[in-house]
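For the numbers below, each heavy atom of this structure counts, side chains included, while hydrogens, waters and symmetry mates do not. Start at 1 with the first residue, then count along the sequence.
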Amino acid sequence: QVQLVESGGGSVQAGGSLRLSCAASGYISSLYWMGWFRQAPGKEREGVAAVRTGGGSTYHADSVKGRFTISQDNAKKTLYLQMNSLKPEDTAMYYCAVSTSTGVTSPLLANAGYRYWGQGTQVTVSS
């Protein structure tokens, strides 16, 4: 069983920065993917960034490339999302998730074997 706890959300003005953290507990294989997803009211959940826990591969959605960076500290079992140059359209609930599928080809898709999800942390960006 994996438990995920996100933190670091808040309210910022456009152009500001936030760093989200996701503390994980339980067994996480180096073959798993961990990702950040977000969901705004009335919209579908979308993948923001993902990283293979064994290292080497990261993916970022086109909408956040150059502004957001996913990283991990395996020793602390913590996933991070550094968000810079925030825009009002980044406003959403942000979720951390773990995919237990070893055959993931599109890690930014919510149905890519993401079995464990955190409770979410709210990010609000004002103009």
Side-chain angles (χ1 to χ4, degrees):
Q1 190 76 8
V2 175
Q3 292 186 328
L4 304 169
V5 179
E6 301 98 333
S7 61
S11 296
V12 296
Q13 290 192 329
S17 298
L18 284 173
R19 187 195 197 200
L20 304 184
S21 298
C22 172
S25 61
Y27 175 73
I28 299 180
S29 167
S30 62
L31 298 178
Y32 292 170
W33 287 83
M34 292 189 72
W36 287 100
F37 293 79
R38 65 186 182 186
Q39 188 166 20
K43 294 188 177 181
E44 292 188 356
R45 188 169 296 189
E46 64 169 335
V48 175
V51 61
R52 187 146 190 171
T53 56
S57 298
T58 60
Y59 285 79
H60 294 81
D62 288 343
S63 58
V64 306
K65 278 181 182 176
R67 301 188 299 121
F68 292 11
T69 303
I70 190 170
S71 62
Q72 58 183 339
D73 183 331
N74 287 338
K76 295 182 179 179
K77 281 190 173 181
T78 302
L79 185 71
Y80 302 100
L81 184 68
Q82 178 66 44
M83 305 187 296
N84 299 327
S85 302
L86 282 160
K87 303 176 181 180
E89 51 262 44
D90 295 319
T91 295
M93 185 72 79
Y94 282 71
Y95 299 90
C96 170
V98 173
S99 171
T100 58
S101 173
T102 58
V104 173
T105 56
S106 300
L108 293 182
L109 295 179
N111 62 0
Y114 284 96
R115 179 179 176 184
Y116 300 105
W117 294 81
Q119 81 291 347
T121 186
Q122 178 67 38
V123 172
T124 302
V125 185
S126 58
S127 56

- Query: Is any side-chain heavy atom of R45 less than 4.5 Å from a side-chain heavy atom of W117?
  - Reply: yes

- Task: Working to the nearest 0.5 Å, report the span between CH2 of W36 and OG1 of T121.
- Result: 7.5 Å

- Give a yes or no on whether V2 and M34 share a hydrophobic cluster (residues Ile, Leu, Val, Met, Phe, Trp, Tyr; joining criterion: side-chain heavy atoms under 4.5 Å apart). yes

- Task: Check the angle between the aromatic planes of Y94 and F68 and answer parallel, tilted or perpendicular using the 30° and 60° thresholds.
- Result: tilted

- Note on the structure: Rounded to the nearest 0.5 angstrom, the CD1-NZ distance for I28 and K77 is 6.0 Å

- Message: Is the shortest side-chain heavy-atom distance between R52 and L31 below 4.5 Å?
- Response: yes

- Note on the structure: Rounded to the nearest 0.5 angstrom, the CD-CZ distance for E46 and R38 is 4.0 Å

- S30 (side chain) donor-acceptor with G54 (main chain) under 3.5 angstrom: no

- Query: Heavy-atom count around Q122 CD within 6.0 Å, excluding the residue itself: above 12?
  - Reply: yes

- Query: Got a second to check how far Q1's CD is from Q3's CD, nearest 0.5 Å?
  - Reply: 6.5 Å

- Here the pair of heavy atoms bringing P88 nearest to S127 is CG-CB, 3.9 Å

- Query: Does L18 share a hydrophobic cluster with L4, counting links as ILVMFWY side-chain heavy atoms below 4.5 Å and allowing steps through other members?
  - Reply: yes

- Item | Same apolar cluster (I L V M F W Y, side chains within < 4.5 Å links), W33/Y116 | no

- So do S17 and Q82 actually touch side chain to side chain, heavy atoms under 4.5 Å? yes

- Message: For a 4.5 angstrom cut-off between non-hydrogen side-chain atoms, does Y80 reach T69?
- Response: no

- Tell me, do V123 and L20 make a side-chain contact under 4.5 Å, heavy atoms counted? yes

- Give me the one residue out of V48, I70, L108, V51 that meets side chain to side chain contact (heavy atoms under 4.5 Å, CB included) with H60. I70

- Message: Closer than 4.0 angstrom, basic N to acidic O: yes or no for D90 and K87?
- Response: no

- Shared hydrophobic cluster, V104 / L79 (ILVMFWY, side-chain heavy atoms < 4.5 Å): no

- Query: Would a distance-only check, ignoring hydrogens and angles, find a side-chain to backbone donor-acceptor pair under 3.5 Å from T78 to D73?
  - Reply: no

- Query: Any idea which heavy atoms bring G47 and A61 closest together, and the distance?
  - Reply: O-CB, 3.4 Å

- Message: Within the 4.5 Å heavy-atom criterion, are P107 and Y114 side-chain neighbours or not?
- Response: yes

- Task: Drop me the distance from E6's CD to L81's CG, to the nearest 0.5 angstrom.
- Result: 11.0 Å

- Message: As an exercise, state the distance from OG of S106 to CG of N111, rounded to the nearest 0.5 Å.
- Response: 8.5 Å

- Check whether any side-chain heavy atom of K76 lies under 4.5 Å from a side-chain heavy atom of S21, and answer yes or no. no

- Query: Is M93 reachable from V125 through a run of hydrophobic residues whose side-chain heavy atoms are each under 4.5 Å from the next?
  - Reply: no

